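Have a look at the structure below, then the notes.
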Amino acid sequence: MNKPLIDIRNLTKHFDRGRHKIRAVDDVSLSIEAGEIVGLVGESGSGKSTLGRTLLGLDRKTAGKIFYKGSKLPTVYRAKDFHRYARSMQMIFQDPYSSLNPRMTAGEIIGEALRLHSDLNKSDIAKRIEEWLVKVGLNTDHLGRYPHEFSGGQRQRIGIARALILEPDFVVCDEPISALDVSVQAQIVDLLVELKRSLGLTLLFIAHDLSMVRYVSDRMAVMYLGSLVEIGRSDRIFFDPKHPYTELLIGSNPEPDPNQERSRQKVQSIGEIPSQLDIPTGCRFANRCPHAMAICHDVNPVLRIVSHEDDKRLVACHLYE
Amino acid sequence: MALLEVSDLHVEFAVHGGSVQAVRGASFSVNEGETLAIVGESGCGKTVSVQSIMGLIQTPPGRITRGSAKLRGHDILGGQAADGREIRGTDIAMIFQDPMSSLNPTMTVGAQIAEPLIVHRGYSHRQAMRRAQELLEMTLIPDAASRIKEYPFEFSGGMLQRSMIAMAIACEPSVLIADEPTTALDVTIQSQILDLMVDLQRTNNMAIILITHDLGVVARMANDVAVMYAGEVVERGAVDDIFYRSAHPYTVGLKSAMPTNRRGAVQKLTPIQGTPPDLFDAPAGCGYYTRCPYAMEVCEATPPIVFDVDREHQSRCWLHHKDCLQQVTQIYRP
């Protein structure tokens, strides 16, 4: 079997807040094969973005290991580490408004990475910037414009060009479409999928829009309060969720189809996601889970394989033990 | 007769060097005990339309230039501010997208829920606080007795929205306007809030105007739908008409730009190309002209009129003109 492109083992990220510890990512293991799109879903505060950022060294991990093509990534990123990995791993950010420097032109933003991380001369860089502008659906008239002159969708295109111009292997897309209008979301998703195909990218697609994640990704990982509760093929998870939290999440997702909505079985939804400062012992979902048993309040379930077939489904739930 | 009927509403805002035509023709209505969804993208005028009904448009720069809004046949727009104030907050109440910034951070949640009762209903402070607690219980906030003494920052997003709802229904309004009430919330919490709204609607026989950009929420909640684009209502009808018999190219476009999850169905998203027009310099013809795959010559300069596609189903598109030769299979024709 091929080595996975990204192999995350027992990754943990805690933030210290005075006497408290926020366990944003807690003992997460996930491997991503080359060429795959893995969707990472979960509610706000589940630790999705922190996982993405820690993966790329933007936040320093507390514990655990991350392997990229079999070699271990550093715990503390120094300038030379960023320099080394910038060409392999990149990130597309959620908010196309705050993630672009308002004092740089679109051309400068897109070309900055090339200036920093490549040996190309000025005219080659200029050529590449123009190529990428076109690739992401903008045109050369846009080169000298500043971010405020663009719409949200266009800004996200700039963000995509900036991330991909170094032709990385692996890109973390952190809610790339959540800030955009419905009609524009599809444009950006299509662009990402198309670029993924032509460049052979591997993507971690973080989002809370389940339908979009199902549409985009090959596999889906469901995160709840800092840990992964279910991993498997997106379609399979969507139509046959195993973990009660996944079931709740998918059952709460409204379908743009009135007939389907009328025949929907009402999901029982209790309470809200607890604070990360106060993570329950045992299963984190136990206090909201309609199937909770005595053991769930004491012992934290770990991810286990529950079905083989063509879908290696991993679920962390005592119901499946 | 509809409970609330808005017809041909036009709202503009004076800006440096001209005006923005934020609403350029919005007509919609809602019946007692039913839900109307107003759907559209940001900047299409859905929020401004309902803000005008609520008298929340600041004048200047805003101005309602044409149209009417009638509650049980009585005009509630603009000029007659005195009447308006009686109605707003009592007969029509509104909840907003971002519950965190719509509540006063320096007042306890209970005091804020009690305020409309004291102002509009003449309750004493103690009566109002007792009622506030009941309302929080109705909106399923656990431990309401101690929660009424807490401040907004002590509440989660979902609970804040429940408190907003409690405040809005305090005076038992006949119309509740909900402007993207669940957009800032997670999907599981959204589900709880939507369920709560349906339950309250059943008990109070309240009409709901729900503003959203999420077609899933529309499908779940609405009896009737008004689709807005570039300041205009471009299609109106019953929810099934809008989803299964879409008559406007924009509605068709929106639907095919959104993933659906029917088992086994393989689908490809078709994005709507381009961006909405700038309403500072509103287009002469149809607002959707530059993005419409079926645009015709007439659409560029002549604004389309509203056609009756069917009973109670209307579309603002020249494709429905009897002399139109173009046959588009995606567009419903009876």
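Predicted model, so just to flag it, every value in this text is computed and none were measured. Below, chains carry the letters A, B, ... as their sequence lines are ordered, and counting in each starts from 1. Heavy-atom basis, side chains included; hydrogens, waters and symmetry copies ignored.
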Practice item. Could you pull out the closest heavy-atom pair between A:Glu255 and B:Asn261, with the gap in Å? Key: OE2-ND2, 2.7 Å

Practice item. Answer whether the closest heavy-atom distance between the side chains of B:Val239 and A:Glu261 falls below 4.5 Å. Key: no

Practice item. Drop me the distance from B:Asp240's CG to A:Asn259's CG, to the nearest 0.5 angstrom. Key: 5.5 Å

Check your understanding: Which bit of A:Asn253 comes within less than 4.5 Å of chain B, counting heavy atoms only: side chain, backbone, both or neither?
Key -> both

Point to revise | Contacting moiety of A:Ser44, where chain B heavy atoms sit under 4.5 Å | key: both

Check your understanding: Do you know the tightest heavy-atom contact between B:Glu41 and A:Val182?
Key -> OE1-N, 4.4 Å

Point to revise | Contact check, side chains of B:Val187 and A:Pro254, non-hydrogen atoms, under 4.5 Å | key: yes

Study note, to complete from the structure: Counting heavy-atom pairs under 4.5 Å with chain A, the top scorer among B:Pro259, B:Ala257, B:Gly157 is B:Pro259

Review point. Relative to chain B, which of A:Gln260, A:Met212, A:His208, A:Arg264 shows the most heavy atom pairs under 4.5 Å?
Key: A:Met212

Point to revise | Per-residue contact mode, B:Tyr244 against chain A (heavy atom under 4.5 angstrom) | key: side chain

Exercise for review: Could you check B:Ile189 against A:Glu43 for side chain to side chain contact (heavy atoms under 4.5 Å, CB included), going step by step and ending with a plain yes or no?
Suggested key: CA-CA 10 Å; B:Ile189 309 301; A:Glu43 292 173 272; 4.3 Å; yes

Revision key, fill the gap. Of A:Ala186, A:Pro258, A:Ser252, the largest count of non-hydrogen pairs under 4.5 angstrom with chain B goes to A:Pro258

Practice item. Kindly compute the distance separating CG (B:Asp278) from OG (A:Ser151), expressed to the nearest 0.5 Å. Key: 12.0 Å

**Study point:** B:Glu312, CD: over 12 other non-hydrogen atoms inside 6.0 angstrom
**Key:** no

Review point. So what's closer than 4.5 Å to chain A heavy atoms on B:Thr188: side chain, backbone, both or neither?
Key: both

**Study point:** Option in B:Leu215, B:Ile242, B:Leu269 with maximal non-hydrogen atom pairs under 4.5 Å from chain A
**Key:** B:Leu269

Review point. Short question: side chain of A:Gln187, backbone of B:Gly274 - any donor-acceptor pair under 3.5 Å?
Key: yes

Review point. Tell me, side chain or backbone of A:Asp209 under 4.5 Å from chain B's heavy atoms, or both, or neither?
Key: neither

Revision key, fill the gap. Applying a strict 4.5 Å limit to non-hydrogen atoms, the region of B:Gln190 in contact with chain A is side chain

Review point. With a 4.5 angstrom heavy-atom cut-off, which part of B:Met221 approaches chain A: side chain, backbone, both or neither?
Key: neither

Review point. What distance do B:Met258 atom CE and A:Asp257 atom CG have between them, rounded to the nearest 0.5 Å?
Key: 11.5 Å

Exercise for review: Using a cut-off of 6.0 Å, state whether more than 12 heavy atoms not belonging to A:Glu194 lie near its atom CD.
Suggested key: no

